[in-house]
Amino acid sequence: MGPNSWDHLFRNARIATLAPGMERYGLIEKGALAVTGGRIAWIGPQSQLAGGFEAARDTDCQGALMTPGLIDCHTHLVWAGNRFAEFEQRLEGVSYEEIARQGGGINSTVRATRAASEEELFEAALGRLRRLAASGVTTVEIKSGYGLETDTECRMLRVARRLGREEPVRVHTSFLGAHAVPPEFSGRSDDYLEWVLREMLPTVAAEGLADAVDAFCEGIAFSKAQVERLFQAARALGLPVKLHAEQLSNSGGAVLAARYGALSADHLEYLDEAGVRAMAAAGSIAVLLPGAFYFLREQKVPPIEALRAHGVPIALATDLNPGSSPVHSLLLILNMACTLFRLTPLEALVAVTRNAAKALGVADEVGTLEVGKRADFVLWDVEEPAALAAQMGPEPLRKRYLGGLPDVRPGE
Ligand code: DI6
Ligand code: FE
């Protein structure tokens, strides 16, 4: 094949490349994108297409908006059971932290998840993943953390890996054994952490089930000192780290995460100036989760101005989970980020593409539409990019493409 012999040419699209350093959305009016071997081989205004190319397939996008496939870089989408009774309890005045202290919260999902078979977990997670995909997601991160013992943590991660093999979505996994202290270790969090370090993490790593290691650093979960020991173990195994930090209080987790070169620190409502500076220096991404902010009726907004001023890249994710963010649409998260955190629609779209790719350590592969990257993109039935963030409810997805191949469901 010559240099201008392509597998598939998409023309007549309004392309938001979101490439860095470009004006606004990196918009190309009447754009074309060529795919070869699953990667972007050419992109630009179709007026520059001149002759001299061959394409095995040719698709007229009929003026649709094309963006990079969306990336949901923080989810807990494998779980069993539900927490609707806790939703009612909270409306009757019991706080999220109080429910956790009474043995509900994360531990109630742990009980249901431990009791579920691998097949049951897979089926439940598959439905959630397809919903996320319907909001334009082509790459998703999935955490363990509802097993809190070796078998169930591994089962959750195997389900996540299988979703990545069987569904047209790229899956990244994180081991979140340090999510909560399980009931059998109640009041003995150091002993539990010891077990995580000695048995769970080595098993997960040996089976190649985790791409990163995460933890929940919070009064109701693990201290900075405990998280540091976990990060040291992760480092020894060559696994990158990330952290649930400053969600309900400031525990200094973001500074610690930055010291370990974390890919990201997530939540960050209570992040202070020292945390922002540390993240900027380390190049860690700030992953904001407005779904949890909204659902828990948090009052404290993350320090957006400081993050902007120090140039910390902001990513957004659903945090999809049964207790604090039962949000199955990444588009709804764009709207929440603009409405609740005052992000601009441009910042919000960059946050679920380019910056979310950085938060997963895959910015060379996905997140923008540039030559050489994987041809993961979405065609939308909207005229302008801001429509993706402005609307609540409509899911204007026309088609999702992974490596240049359309996501076709049986029967279509
Ligand atoms: N913070 C969260 O918002 C989720 N995990 C975490 O560490 C909540 C998980 C849950 O409530 O089930
Ligand atoms: Fe989370």
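Remember, it's a predicted structure, so these values are computed and weren't measured experimentally. Note that ligands are numbered from 1 as they come in the structure, with each ligand's atoms numbered from 1 the same way.
A side-chain N or O of Asp266 and one of His74 form a donor-acceptor pair less than 3.5 Å apart. Using a 3.5 Å distance cut-off with no hydrogens or angles, the side chains of Thr17 and Glu370 do not pair a donor with an acceptor.
Under the 4.0 Å criterion applied to side-chain N and carboxylate O atoms, Glu384 and Arg14 are not assigned as salt-bridge partners. In summary, Glu298 and Lys300 do not engage in a salt bridge, as defined by a charged side-chain N under 4.0 Å from a carboxylate O. Checked for salt-bridge contact, Arg162 and Glu167 miss the test: no charged N lies under 4.0 Å from a carboxylate O. Using a 4.0 Å cut-off between charged side-chain N and carboxylate O, Asp407 and Lys399 make no salt bridge. Look at Arg374 and Glu365 and you find a salt bridge, because one of the NZ, NE, NH1 or NH2 atoms lies within 4.0 Å of a carboxylate O, short of that distance.
Among protein heavy atoms, atom 2 (C) of ligand 1 sits closest to Ser324 OG, 3.4 Å. Taking atom 11 (O) of ligand 1 as the reference point, the nearest protein heavy-atom neighbour is Tyr96 OH, 2.5 Å. Atom 9 (C) of ligand 1 has as its closest protein heavy atom Tyr146 OH, 3.3 Å. For atom 5 (N) of ligand 1, the closest heavy atom belonging to the protein is His179 NE2, 2.8 Å. Atom 1 (N) of ligand 1 has as its closest protein heavy atom Gln247 OE1, 3.0 Å.
For the ligand labelled ligand 1, residue Arg83 lies inside the 4.0 Å heavy-atom shell.
For Asp319, every heavy-atom contact with ligand 1 shorter than 4.0 Å involves the side chain, none the backbone.
Taking a cut-off of under 4.0 Å to the non-hydrogen atoms of Asn321, the atoms of ligand 1 that pass are 4 (C), 8 (C), 9 (C), 10 (C), 11 (O), 12 (O). Which parts of ligand 1 touch Ile106 is read off a 4.0 Å heavy-atom cut-off, strictly below it: atoms 9 (C), 10 (C), 11 (O), 12 (O).
Put simply, His244 gets within reach of the Fe ion (ligand 2), with an N, O or S atom under 2.8 Å from it.
For the pair Arg114 and Tyr146, the cation-pi test (distance below 6.0 Å, angle within 45°) is failed.
Nearest N/O/S atom of Asp319 with respect to the Fe ion (ligand 2) is recorded as OD1.
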